[in-house]
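Remember, predicted model here, so these are calculated numbers, not experimental data. In listed order, ligands and their atoms are each counted from 1. Along the sequence shown, residues carry numbers from 1.
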Amino acid sequence: MTVNIGIRAHDIEDPSIENVVNIVANKGFSAVQLALNKSLKDINSELGSLSPGFAQCIRRIFDKKDIQIAVIGCYFNIIHPDHKERRKGMDRFKEHLRFARDFGCSIVATETGNVQAEIVYTEKNFTEQPFLEAVKSVKELVEEAEKFGVIVGIEGGISHPIHTPGRMKRLLDLIPSNNLQVVYDPANFISIDNYHNQEAVIQEAFDLFGDRMVIVHAKDFIIEDEQIKMVPVGQGLLNYDTLFNLLKKKKPYINILMESTQEPYIDGSIAYLLNKYASA
Ligand SMILES: O=C(CO)[C@@H](O)[C@@H](O)COP(=O)(O)O
């Protein structure tokens with residue numbers, strides 16, 4: 001079975017988007033996660049700047065090399081303590097939703113923010129209030145997505161209110177819309193307390209929201225100074241055998257997008273993923 005391996009575009013360090021697309025294609029990737037403000041640094045993509053023409057221009061660059069824009073990354077703090085900042089982020093994300101189709105893409109993604117302005121690990125994120133604020137923000141984004149027939153992709157992680165598979169399931173149940181789906185990053189649900197049982201955490205994610213996974217992020221982790229440290233794919237402890245055994249059955253051809261993996265590790269990480277997927 002073909003495996004759809006891609007990469008986060010700004011992990012390819014080149015100021016020219018044309019060069020980035022060439023590199024992505026030459027490495028055999030099929031798709032990217034594209035963050036406009038990170039991959040198009042010399043083009044204004046701030047709020048109010050997008051248009052079908054903008055999107056089609058970018059889309060044509062990727063189409064030339066048959067590279068899919070699988071997801072548009074528009075990560076922001078959806079529960080930012082400064083409500084002006086939060087509103088700016090909400091409006092910018094909604095603008096991305098309006099023009100996603102013109103990029104040839106159906107998914108715009110974000111994580112669920114932080115009680116602090118900066119995204120840091122704090123258990124204050126795990127209380128009920130930040131969760132309910134995250135639900136309120138996601139609900140508003142999903143209402144916009146429903147108007148344009150596109151998808152809000154929510155990614156979980158331990159530095160956010162949606163920090164466990166259980167919390168992700170609660171969010172999905174509280175916003176019963178098919179315009180809300182999951183960007184599943186298994187490494188993001190790994191903590192210093194659960195990494196010994198990572199297989200159970202991965203299994204729980206598939207049990208609770210496997211059918212709602214639309215993108216998978218591939219990275220890896222090690223334990224350093226009693227902390228989780230993200231490392232390039234294949235250089236850590238993430239159990240890709242467990243992950244791919246479940247994924248291959250549940251979600252054939254899903255986009256698996258490498259993250260936190262830059263040169264000189266990219267080719268080695270691709271080979272690792274292809275080998276693990278083939279043997280799953
Ligand atoms: O997993 C994570 C971060 O935990 C990523 O998906 C997230 O970094 C993507 O955001 P960026 O577009 O790289 O800012």
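Close approach of ligand 1 to H217 is summarised as follows: ligand atoms under 4.0 Å from at least one heavy atom of the residue are 6 (O). Interface atoms of ligand 1 facing K219, defined by a heavy-atom separation under 4.0 Å, are 1 (O), 2 (C), 4 (O). For ligand 1, the atoms sitting less than 4.0 Å from at least one non-hydrogen atom of D185 are 1 (O), numbered in the order shown with element in parentheses. Within ligand 1, the atoms closer than 4.0 Å to a non-hydrogen atom of R8 are 5 (C), 7 (C), 8 (O), 9 (C), 13 (O), numbered from 1 in the order shown.
Using a 4.0 Å cut-off between a side-chain N of Lys or Arg and a carboxylate O of Asp or Glu, K147 and E144 qualify as a salt bridge.
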Show the numbers, then the answer: is there a side chain to side chain donor-acceptor pair (under 3.5 Å) between Q227 and Y121?
-> CA-CA 11 Å; Q227 300 215 335; Y121 180 84; over 6 Å; no

Test log, rule side chain to side chain donor-acceptor pair (under 3.5 Å), inputs Q203 and D207 = CA-CA 6 Å; Q203 181 67 59; D207 294 345; 2.8 Å; yes

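In this structure, the protein non-hydrogen atom closest to atom 11 (P) of ligand 1 is K38 NZ, 3.4 Å. From the protein, the heavy atom lying nearest to atom 1 (O) of ligand 1 is E155 OE2, 2.7 Å. Scanning the protein heavy atoms around atom 4 (O) of ligand 1, the nearest turns out to be E111 OE2, 2.9 Å.
Remark: side-chain polar atoms of T112 are not paired, donor with acceptor, to backbone N or O of A134 under 3.5 angstrom. At distances below 3.5 Å, at least one donor-acceptor pair connects side-chain atoms of S279 with backbone N or O atoms of K276.
A distance of 8.0 Å separates CG of D11 from CE of M258, quoted to the nearest 0.5 Å.
Heavy-atom separations between H10 and ligand 1 include at least one value shorter than 4.0 Å.
When non-hydrogen atoms are compared, ligand 1 lies under 4.0 Å from neither the backbone nor the side chain of V183.
Side-chain polar atoms of T122 and Q116 form no donor-acceptor pair below 3.5 angstrom.
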